[in-house]
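The next block holds one structure in the form of structure tokens; read it before the comments.
Naming: A, B, ... by sequence-line order, numbering from 1 per chain. Every value quoted in this text rests on a predicted model; they were computed, and no experiment measured them.
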There are 2 protein chains.
Amino acid sequence: MRILKMLQIKPLCVCEITDILQLAASTVSQHLSILKKEGFILEDREGKWVNYLINQRPGDQRISAILSSLDFWIGDNQLIDTDKQKVKVVDRYKVCGL
Amino acid sequence: MRILKMLQIKPLCVCEITDILQLAASTVSQHLSILKKEGFILEDREGKWVNYLINQRPGDQRISAILSSLDFWIGDNQLIDTDKQKVKVVDRYKVCGL
DNA sequence: TAAATAATTCGGTAAATAGCGAATTAGAAG
DNA sequence: CTTCTAATTCGCTATTTACCGAATTATTTA
């Protein structure tokens, strides 16, 4: 869910998300694969990076309903806001490969 | 969550909810006590029954935000719909004390 | 082609949530 | 005052979900 809200700001690659959420890459990758399988997000390979982005035209009606009402979704809003801030300033070239 | 959606239809007592969800009374009671503690619902004692109803004026802004956007909440919609059907026809005098 | 980086898959553990039954409390009714 | 029914509390188990590390794959770059 935090991932979906971040992707609302802009597409991100796995290592950027990993850095922002402070989780293991494997964990992030698993979540992304589920979101992809269910049709919430799309994958866009760009060289050695894999960018993920919100699926604008989900096949399933229910998925698009969820995505378009994402803003009503509840969570730790303080956390979500700082996530979004980080998304805005994250720099792939600094963050990946440490 | 299923409980909140049912209470949108009308106030219910514990044994009605127990009957509809097919769960142990203790389980239902626990969920209700959490919902009450957080301010989602109110308790209204009526003789030996305790009715629960959606709190129309929650103290916390966030709670009212959640309640008013309840319809956007996702779940097993088929299940939710049959729950609601049952709420409409449930009869306290038949259901309690079996 | 070898080394380096991004990502994934797999197997397992940890944490959170949901559930139950037994014992207890509160009120109603005999 | 005793019994009956609705509801609650408590301790525990089961299920689900989140997460990690190690091994592996894909791609770029030296």
Side-chain angles (χ1 to χ4, degrees), chain A residues 1-7 10-53 66 73-76 79-80 83 86-87 90-98, chain B residues 1-7 10-53 66 73-76 79-80 83 86-87 90-98:
Chain A
M1 202 266 269
R2 287 172 71 188
I3 293 177
L4 285 178
K5 295 228 180 198
M6 295 195 314
L7 293 181
K10 71 168 189 183
L12 296 167
C13 71
V14 178
C15 61
E16 290 172 310
I17 299 173
T18 298
D19 178 71
I20 292 170
L21 299 183
Q22 288 291 297
L23 295 173
S26 57
T27 303
V28 172
S29 192
Q30 290 238 340
H31 284 266
L32 288 169
S33 76
I34 293 168
L35 291 172
K36 187 180 70 174
K37 181 161 68 70
E38 303 300 332
F40 289 97
I41 59 178
L42 299 173
E43 164 181 315
D44 170 33
R45 180 132 223 156
E46 175 188 351
K48 64 180 165 179
W49 288 297
V50 180
N51 295 314
Y52 285 94
L53 56 149
I66 293 175
W73 250 214
I74 311 296
D76 184 332
L79 199 57
I80 301 276
D83 285 349
K86 288 180 187 166
V87 170
V90 72
D91 177 354
R92 173 172 307 192
Y93 294 97
K94 279 185 189 155
V95 142
C96 300
L98 33 112
Chain B
M1 202 267 270
R2 285 171 73 188
I3 292 178
L4 285 177
K5 297 226 180 197
M6 295 194 317
L7 293 180
K10 71 169 187 182
L12 296 167
C13 71
V14 178
C15 62
E16 290 171 311
I17 298 172
T18 298
D19 179 72
I20 292 169
L21 299 182
Q22 289 290 298
L23 294 174
S26 57
T27 304
V28 172
S29 192
Q30 292 241 353
H31 283 265
L32 288 169
S33 76
I34 293 168
L35 290 171
K36 188 179 69 174
K37 181 160 69 69
E38 303 300 332
F40 289 98
I41 59 178
L42 298 174
E43 165 181 314
D44 169 33
R45 180 132 223 157
E46 175 188 351
K48 64 181 169 179
W49 289 298
V50 180
N51 295 313
Y52 285 93
L53 57 147
I66 293 174
W73 249 215
I74 310 296
D76 184 332
L79 199 55
I80 300 275
D83 285 347
K86 289 180 187 166
V87 170
V90 72
D91 176 354
R92 174 171 308 190
Y93 295 97
K94 279 185 189 154
V95 142
C96 301
L98 34 112

| How close or far is atom C1' of C:dT17 from atom CD of B:Glu38, stated in whole angstroms? | 14 Å
| request: For the residue pair B:Leu23 and B:Gln30, establish whether any side-chain heavy-atom pair is separated by less than 4.5 Å. | output: no
| task | Taking the side chain as every heavy atom from C-beta outward, state whether B:Leu12 and B:Leu7 have any pair of such atoms under 4.5 Å apart. | result | yes
| request: Take the protein atom CH2 of B:Trp49 and the nucleotide atom C1' of D:dT5, then report the distance between them rounded to whole Å. | output: 9 Å
| In whole angstrom, what separates A:Lys37's NZ from C:dT9's P? | 12 Å
| Distance test, side-chain N/O of B:Tyr93 to OP1/OP2 of D:dT5, below 4.0 Å | no
| Pairwise side-chain contact, A:Gln22 with A:Asp19, heavy-atom cut-off 4.5 Å (strictly under) | yes
| request: Write down the distance between CG (A:Asn51) and C1' (C:dA6), rounded to a whole number of angstrom. | output: 11 Å
| request: Report yes if the side chains of A:Leu21 and A:Ile3 come closer than 4.5 Å at any heavy-atom pair, otherwise no. | output: yes
| task | Evaluate whether the separation between SG of B:Cys13 and SG of B:Cys96 stays below 2.5 angstrom. | result | no
| request: Could you run through nucleotides 14-30 of chain D and give me one letter per nucleotide, 5' to 3': B if any protein heavy atom sits under 4.0 Å from the base, S if only the sugar-phosphate is that close, - if neither? | output: -----SBBB----SS--
| query | For A:Lys36 and C:dT8, what is the distance between atoms NZ and P respectively, to the nearest whole Å? | reply | 7 Å
| Beyond-backbone contact of A:Leu32 with A:Ile17, side-chain heavy atoms, under 4.5 angstrom | yes
| query | What residue among A:Ile34, A:Asn51, A:Leu4 forms side-chain contact (heavy atoms from CB on, under 4.5 Å) with A:Ile41? | reply | A:Leu4
| Angle, rounded to 10°, between the helical axes spanning five pairs at each terminus of the helix from C:dT1-D:dA30 to C:dG30-D:dC1? | 10°
| task | Rounded to the nearest angstrom, tell me the gap between atom CG in B:Leu12 and atom P in D:dA6. | result | 15 Å
| field | Nearest-angstrom distance from the residue atom CE of B:Met1 to C1' of C:dA18 | value | 14 Å
| note | Closest non-hydrogen atoms of B:Lys10 and B:Val87, given as atom of the first, atom of the second and distance, are CE-O, 3.5 Å
